[in-house]
K.L.:
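Before I ask anything, let me first share the structure, which is written out below as structure tokens.
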Amino acid sequence: MSEPNYYEILDIHASASPTEVKQAYRRLAKLFHPDSNPDIDNHERITQINAAYETLSDPHRRQTYDQTLQAKVESRWHTRSKAASNIYQKRQSGQDADAELYTWLRRVYGPVNRLLGRIIEALSDQIDELSADPFDDELMEAFQEYLEDCRQLLKQAHLSFRCMPNPTSVAGTAANLYYCLNQVGDGLDELERYTYNYDEHYLHAGQEMFRIANRLRHEAQYAVRHLV
């Protein structure tokens with residue numbers, strides 16, 4: 001329970017003069033005297049009025065009381081100010097985190113996802129065209145051009161991925177993109193080896209790495225859809 005405020009008990013302002021303190025005390029003492037209200041038990045109220053007057057009528061005691069009262073007011077203000085600051089910081093932190101997230105989605109995830117799609121989704125058609133005659137020079141040259149285009153797209157994807165750190169909330173999504181990029185890079189190496197010696201082991205290895213990369217890309221897409 002908070003301590004009573006003597007100024008409020010006497011119903012006066014904190015800057016009241018000694019005369020105003022005395023007048024307020026006399027008025028209240030008369031108002032709550034047993035002779036004035038015999039049917040009402042005012043003992044507690046009278047005790048408070050007397051205590052307030054004893055303190056506020058003495059200059060030294062009043063000065064000490066005012067200092068204590070001011071310290072309490074400042075303490076409450078500091079506590080409330082700190083609480084308000086904490087609430088603001090939490091809100092600001094949440095807003096900053098949201099802004100960082102959407103910036104990452106726009107600058108990193110979006111471009112990387114699109115570039116990976118252009119690489120991965122074209123492989124099936126490229127292999128179908130090449131399978132008509134793997135020893136045909138024009139078909140093989142077209143396939144090699146596709147691989148070179150993929151390397152350029154992959155380079156762009158790596159640059160986009162590294163342009164800013166990922167927020168903590170999308171660490172899993174960023175990891176999927178990272179491993180997807182690596183799988184694509186390794187897959188391109190395997191497919192390029194196939195163009196040197198026509199060993200289908202390299203072709204199948206490249207296809208399997210692209211399949212794994214595509215699964216990782218879909219996992220990243222799923223996480224983002226459920227994030228936003």
Side-chain angles (χ1 to χ4, degrees), residues 89-228:
Q89 289 177 359
K90 288 180 180 179
R91 290 177 179 173
Q92 188 65 37
S93 177
Q95 293 173 355
D96 291 344
D98 288 342
E100 182 185 24
L101 170 61
Y102 286 109
T103 300
W104 185 84
L105 291 173
R106 177 175 55 83
R107 294 183 57 191
V108 178
Y109 170 77
V112 173
N113 180 56
R114 287 190 294 271
L115 291 166
L116 286 171
R118 291 175 61 184
I119 297 171
I120 296 172
E121 294 167 3
L123 178 63
S124 179
D125 289 341
Q126 291 294 327
I127 290 181
D128 286 343
E129 292 179 8
L130 182 63
S131 64
D133 185 358
F135 298 99
D136 183 277
D137 291 341
E138 291 186 1
L139 292 179
M140 180 56 72
E141 184 177 347
F143 187 69
Q144 290 173 324
E145 288 178 358
Y146 157 73
L147 295 179
E148 180 57 31
D149 290 343
C150 286
R151 291 197 181 279
Q152 293 302 318
L153 294 174
L154 183 62
K155 183 179 180 180
Q156 294 177 35
H158 275 291
L159 290 174
S160 295
F161 184 78
R162 294 194 298 266
C163 74
M164 69 174 288
N166 62 275
T168 305
S169 59
V170 289
T173 302
N176 282 334
L177 289 182
Y178 174 78
Y179 292 122
C180 181
L181 290 169
N182 288 342
Q183 285 291 325
V184 168
D186 292 342
L188 290 174
D189 290 341
E190 293 297 308
L191 294 172
E192 188 171 2
R193 292 188 183 98
Y194 169 73
T195 65
Y196 298 151
N197 55 26
Y198 298 94
D199 185 340
E200 291 193 356
H201 165 76
Y202 296 118
L203 181 63
H204 294 155
Q207 288 177 296
E208 176 61 16
M209 291 176 180
F210 267 49
R211 185 190 67 78
I212 295 172
N214 199 38
R215 175 177 58 79
L216 292 167
R217 177 173 174 250
H218 286 160
E219 289 178 2
Q221 291 173 335
Y222 178 85
V224 169
R225 283 197 299 269
H226 286 75
L227 181 67
V228 298

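Counting begins at 1 with the first residue of the sequence. Worth knowing before you read on, the calculation uses all heavy atoms, side chains too, and leaves out hydrogens, waters and symmetry mates.
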K.L.:
State whether the side chain of Y109 and the backbone N or O of A174 hold a donor-acceptor pair below 3.5 Å, judged by distance alone.
P.N.:
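No, Y109 side chain to A174 backbone: no donor-acceptor pair under 3.5 Å.
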
K.L.:
Do you know which two heavy atoms are closest between G185 and L154, and how far apart they sit?
P.N.:
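Shortest heavy-atom separation between G185 and L154 comes out as CA-CD2, 3.6 Å.
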
K.L.:
Could you pull out all residues at least two apart from Y202 that satisfy side-chain contact (heavy atoms from CB on, under 4.5 Å)?
P.N.:
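Y202 satisfies side-chain contact (heavy atoms from CB on, under 4.5 Å) with E190, R193, Y194, N197, D199 once adjacent residues are dropped.
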
K.L.:
Would you check if Q221 and H218 make a side-chain contact, meaning some heavy-atom pair closer than 4.5 Å?
P.N.:
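In short, these two side chains touch, coming nearer than 4.5 Å.
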
K.L.:
Hey, what do you get for CZ (F143) to CE (M140), rounding to the nearest 0.5 Å?
P.N.:
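Output value for this atom pair is 7.0 Å.
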
K.L.:
Please find the pair of heavy atoms, one from Q207 and one from L191, that lie closest to each other, and give the distance.
P.N.:
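The answer is N-CD2, 4.4 Å.
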
K.L.:
For C150 versus L188, what's the shortest heavy-atom pair and its separation?
P.N.:
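Minimum heavy-atom separation between C150 and L188: CB-CD2, 3.7 Å.
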
K.L.:
Contact between D189 and R151 at the side-chain level, heavy atoms closer than 4.5 Å - yes or no?
P.N.:
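Yes. Closest side-chain heavy atoms under 4.5 Å.
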
K.L.:
Could you report the tightest heavy-atom contact between W104 and P167, atom names first, then the distance?
P.N.:
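So the two residues come closest at CG-CD, 3.5 Å.
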
K.L.:
If you measure from CD on E200 to OG on S131, what distance do you get to the nearest 0.5 Å?
P.N.:
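Answer rounded to 0.5 Å: 10.0 Å.
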
K.L.:
Can you name the nearest heavy-atom pair linking A213 to Q183, along with the distance?
P.N.:
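Smallest heavy-atom distance, with atoms named: CB-CB, 3.8 Å.
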
K.L.:
For the pair I120 and C180, evaluate side chain to side chain contact (heavy atoms under 4.5 Å, CB included) and give the outcome as yes or no after the intermediate values.
P.N.:
CA-CA 10 Å; I120 296 172; C180 181; 4.3 Å; yes

K.L.:
Measure across C163 and V108 and return the closest heavy-atom pair with its distance rounded to 0.1 Å.
P.N.:
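Answer, listing the atom of C163 first, then V108: SG-CG2, 3.6 Å.
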
K.L.:
Using 0.5 Å steps for rounding, measure from the CZ atom of F161 to the CG atom of N113.
P.N.:
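Answer rounded to 0.5 Å: 12.5 Å.
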
K.L.:
Any side-chain heavy atom of L216 within less than 4.5 Å of one from Y178?
P.N.:
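They are not in side-chain contact.
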
K.L.:
Any pair with a residue in residues 113-141 that passes salt bridge (charged side-chain N to carboxylate O under 4.0 Å, His left out), sequence neighbours left out, goes on the list, sorted by first then second residue, please.
P.N.:
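Applying salt bridge (charged side-chain N to carboxylate O under 4.0 Å, His left out) to every pair that reaches into residues 113-141, excluding sequence neighbours, yields E121-R217.
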
K.L.:
Rounded to the nearest 0.5 Å, what's the gap from OG1 on T168 to CG on L101? Could you check?
P.N.:
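The CG atom of L101 is 10.5 Å from OG1 of T168, to the nearest 0.5 Å.
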
K.L.:
Not counting sequence neighbours, which residues clear side-chain contact (heavy atoms from CB on, under 4.5 Å) with Q156? List them please.
P.N.:
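By the side-chain contact (heavy atoms from CB on, under 4.5 Å) rule, Q156 matches L115, L153.
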
K.L.:
With the side chain counted from C-beta on, respond yes when T173 and N166 share a heavy-atom pair under 4.5 Å apart, and no when they do not.
P.N.:
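A side-chain contact is absent here, since even the closest heavy-atom pair is not under 4.5 Å.
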
K.L.:
Report yes if the distance between the aromatic ring centroids of Y222 and H226 is under 6.0 Å, otherwise no.
P.N.:
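That pair passes the under 6.0 Å test.
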
K.L.:
Report the C-alpha distance between E192 and Y196 in whole Å, list the side-chain angles of each, state the deciding distance to 0.1 Å, and finish with yes or no for side chain to side chain donor-acceptor pair (under 3.5 Å).
P.N.:
CA-CA 7 Å; E192 188 171 2; Y196 298 151; 2.8 Å; yes

K.L.:
Measuring from H204:NE2 to I127:CD1, what's the distance to the nearest 0.5 Å?
P.N.:
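With rounding to 0.5 Å, NE2 (H204) is 8.0 Å from CD1 (I127).
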
